[in-house]
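Below: one structure, written as structure tokens.
In what follows, chains are A, B, ... by sequence order, proteins preceding strands, each numbered from 1.
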Number of protein chains: 2
Amino acid sequence: MSSVREIAEQAGVSITTVSRALNNDNTVNPKTRERVLAVANRFGYVATVGRRNTTNLGFVYLGEQTINHPYDCAVLAGVAQGVDECRFDVVVLDLRRDKRTDETYSQFFMRKGVRGVIIRTMAESRDICRDIAKEGFPHIVISERFEDDSVCCIDCESKSDSRRAVEYLIALGHRRIAFAVHNVPDRDHNDRLEGYREALANHDLDFRDDWVFRHQYTLAGGETVMKMIASMPERPTAVYIADPMMGVGAVRMAHELGLNIPNDISIIGFDDTELRFSVYPTLTAVCQDAYTIGFEAALLLTRMIRDGAVRKGLQKSLPTFFEVHDSTGPPPAQTAPVLSLARHRAVAPRPAGARNGDGALHEKR
Amino acid sequence: MSSVREIAEQAGVSITTVSRALNNDNTVNPKTRERVLAVANRFGYVATVGRRNTTNLGFVYLGEQTINHPYDCAVLAGVAQGVDECRFDVVVLDLRRDKRTDETYSQFFMRKGVRGVIIRTMAESRDICRDIAKEGFPHIVISERFEDDSVCCIDCESKSDSRRAVEYLIALGHRRIAFAVHNVPDRDHNDRLEGYREALANHDLDFRDDWVFRHQYTLAGGETVMKMIASMPERPTAVYIADPMMGVGAVRMAHELGLNIPNDISIIGFDDTELRFSVYPTLTAVCQDAYTIGFEAALLLTRMIRDGAVRKGLQKSLPTFFEVHDSTGPPPAQTAPVLSLARHRAVAPRPAGARNGDGALHEKR
DNA sequence: AACAGTTGCTGGAACTGTTTCAATCGGCAG
DNA sequence: CTGCCGATTGAAACAGTTCCAGCAACTGTT
């Protein structure tokens, strides 16, 4: 549409200056720069290189830690595969690292030479997603949903399988069922809690606030939750832990406390990769496939770009699936007395000088 | 140095044709194309875009599965952080997917617009690394070492800490110590086996072939190894499992077989992320930091590019570290009788319809 | 056999954006 | 007033890509 030459004319400067302004060259006068950027934005300027459009897709993060979960890893692998169809490439971008505050998102993406972005959300980035959508830049947000249909996104609907999972526990005979999830208020969080609520309601079981736990989405978070559950006077006989890492941490802590899974307590986890197979016993879990999410996202986005305009509010939901494994069974006849952490430590003694693994796991960096 | 115009003149065609040939446009006659590419290669042609050099770094894979391990994930995170200093960006590339057989590696990389590459190796890719080095394209190979100094690489020296780990077991009183590692014949493999050998030799313990296990670098691989160890008539009292996923799988299987860690068997694992904290008991392990490997690799490569020519045979080794946790202890007074898998299954029954987690874990895709 | 249409391949020219080099402007010391 | 210096800018030269037109060879039709 518009070129540096057009912008130059409109802004009353040379193409040289336009190029410099767009590339954040610091020799250009701030006032001139602002004028140029204003025109560029008005025109919805899109950089091309020697007439050719780039074929890069941005995998956009924001935050100190870029990629730090098996989830991210699997999503990225899926994206890398998904861009294949339209022969795109993936470039990793970090908003917080690289984006200047005085440029729009579109400008930033153009400067980086990407034609569209796949956005890895966090709680704080919902507004950012909306802004990007508003600028009309091709995008797709991963694992989120938006009420308004301005933002394109893809996620997994985990409510119904969450309900199913909890109903499975009820069918096994459990009546005291706890729920745990990470403490970042995102969509997933609500979906799964809602499923839990519904299952209880469907079977005339009371929803109890003190059986709902929120903690960090880390091993340590899950460990803490399990400790809290174990120490309760009227201990739940089962728990649905709706976050992958927390589930693994909870299993660890159950072992440490001498609780047998599933004889003393049943655990249902949540998995987006293959973590459920890495613990003993293998976790019964509600699962989503992070790889497929990435793959589908890439497919949607590349097609969106190929076909021209950004489709307003393209929203897709993938199904989850519920897998029964070895961490669930009938409730115990009577709940075992609460074991102290200290007692069990004596059985599996820690060698002197051992680093305590309880602490910060993923917060390290 | 050379431009499309020069190449065009030399090859006796127009710049249009050169451009097309370099970009694999299929309208150009194969014979013409070959002629153009020959000239381009002779000139060591390097594409620039509108006079500007791109600032992308390739994160190069080869193979069906792109990124599938926590290891890759951590390395990539490190790379993403490491390129920051010189303001580069990271592009994910898959040789097997995108590279045409009739273009050189340099051509492929130039076409993708990257100035240098970080190569994630596998056993099969050693020759490829050599070829890339021979072409003089800026590169750094991750987690490998080369005898000749033509290839730039970075890795962790895991031999000495492997020795230390096995000597720690000996100090605890173990005399029958097994060793397990993945069955891909790479450098790491040798390093760790060598460390194991040395430790035995230093303490006058015999090296026994039937105590060395090689299997897939997956949970299933580790599980199999543990089954094999458990079934041995004169069972080892400790094992050093020099692969992260295998270690996790072995712990799982030990539980399943009713073997108490460390009372019945001591396990030392190998970790490159934080996996050692995800199992119970926390694994004593030789550790390398995949994040740091990626970070350092990016730093070295970007500086190499900034400073001009490719430094021949830049080779860097990072140290590993040995962490003692809860999976190691003194050997049992007498080795418990071998337990059958069936017996233990009865204790923690699998619900009907359970998917067996033993099978292919990461081979799925 | 003549003709029109199609396909494969190529090049000129026009176009994209970036950088080099020189010019201009304003301030300031001598 | 003069000369110097740094900040800012633009003309021109350059990078590579693509549109469009042309040419040649082939194919089917009349």
Side-chain angles (χ1 to χ4, degrees), chain A residues 1-41 43-56 87-89 103 106-115 306, chain B residues 1-41 43-56 87-89 103 106-115 306:
Chain A
M1 292 293 167
S2 59
S3 69
V4 267
R5 271 133 186 120
E6 262 183 83
I7 296 172
E9 195 178 344
Q10 282 287 323
V13 294
S14 72
I15 57 167
T16 312
T17 306
V18 174
S19 176
R20 280 199 271 250
L22 291 173
N23 287 289
N24 294 330
D25 187 313
N26 53 13
T27 69
V28 57
N29 186 310
K31 249 192 101 176
T32 317
R33 180 166 181 280
E34 204 170 329
R35 203 168 69 242
V36 171
L37 291 189
V39 178
N41 277 340
F43 280 15
Y45 172 72
V46 171
T48 55
V49 175
R51 276 244 161 147
R52 168 210 251 180
N53 294 321
T54 54
T55 55
N56 286 341
R87 313 243 118 233
F88 273 68
D89 287 302
E103 64 185 348
S106 301
Q107 262 164 31
F108 169 68
F109 297 141
M110 295 320 324
R111 181 158 63 80
K112 289 297 183 183
V114 299
R115 305 263 313 272
R306 190 191 55 190
Chain B
M1 292 291 170
S2 59
S3 69
V4 266
R5 272 138 185 114
E6 263 182 82
I7 296 173
E9 196 177 346
Q10 282 288 321
V13 293
S14 71
I15 57 167
T16 309
T17 305
V18 173
S19 175
R20 279 198 272 250
L22 292 173
N23 288 287
N24 294 330
D25 187 313
N26 53 11
T27 69
V28 56
N29 187 310
K31 250 192 99 176
T32 317
R33 182 165 179 280
E34 204 170 327
R35 202 167 71 240
V36 172
L37 290 189
V39 177
N41 277 340
F43 281 16
Y45 172 73
V46 171
T48 55
V49 176
R51 278 240 159 152
R52 168 206 253 179
N53 294 322
T54 55
T55 55
N56 286 341
R87 313 240 119 235
F88 273 69
D89 287 302
E103 64 185 346
S106 301
Q107 262 164 29
F108 170 67
F109 296 142
M110 294 322 322
R111 180 157 65 79
K112 288 297 184 183
V114 298
R115 305 261 314 270
R306 190 190 53 190

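A:Arg115 places its CZ atom 16 Å from the P atom of C:dT16, with the value rounded to the nearest Å. We find that CZ of A:Arg33 is positioned 16 Å from C1' of D:dT9, with the value rounded to whole Å. Between the CD1 atom of A:Ile15 and the C1' atom of C:dT18 there is a distance of 9 Å, given to the nearest Å. We find that CG of A:Asn29 is positioned 7 Å from C1' of D:dT8, with the value rounded to whole Å.
Listed nucleotides C:dT16, D:dT9, C:dT10 differ in distance to A:Arg5; the shortest reach to its side chain belongs to C:dT16. Side chain of A:Thr16, nearest nucleotide from D:dA11, C:dT10, C:dG12: D:dA11.
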### Query
Going through the checks in order, is the side-chain contact (heavy atoms from CB on, under 4.5 Å) test met by B:Asn56 and A:Asn56?
CA-CA 11 Å; B:Asn56 286 341; A:Asn56 286 341; 4.1 Å; yes

### Task
Would you sort out whether A:Leu22 and A:Val4 count as a side-chain contact (heavy atoms from CB on, under 4.5 Å), showing the intermediate values?
CA-CA 9 Å; A:Leu22 291 173; A:Val4 267; 4.3 Å; yes

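One side chain, B:Ser14 or B:Thr17, offers a donor N or O that lies under 3.5 Å from an acceptor on the other.
Closest non-hydrogen pair, A:Ala21 versus A:Val28, comes out as CA-CG1, 4.3 Å. The shortest heavy-atom contact between B:Ala8 and B:Ile15 is CB-N, 3.7 Å.
Residues B:Arg35 and B:Thr32 meet the side-chain proximity criterion, which asks for heavy atoms closer than 4.5 Å.
Rounded to 10°, the angle separating the first-five-pair axis and the last-five-pair axis of the helix from C:dA1-D:dT30 to C:dG30-D:dC1 equals 30°.
Residue contacts for A:Val18: at a heavy-atom cut-off of 4.0 Å it reaches no nucleic acid atom on any strand shown.
When each of A:Pro30 and B:Leu22 is assigned the nucleotide of DNA chain D with its nearest heavy atom, A:Pro30 is the one assigned upstream, toward the 5' end.
The line from CG of A:Asn29 to CD of A:Glu34 is 10.0 Å long, rounded to the nearest 0.5 Å.
Of the side-chain N and O atoms in B:Thr17, one or more sit less than 4.0 angstrom from OP1 or OP2 of C:dG11.
With hydrogens and angles ignored, no donor-acceptor pair under 3.5 angstrom links the side chain of B:Thr32 to the base of C:dT10. Put simply, the side chain of B:Arg20 and the base of D:dG16 share no donor and acceptor less than 3.5 Å apart.
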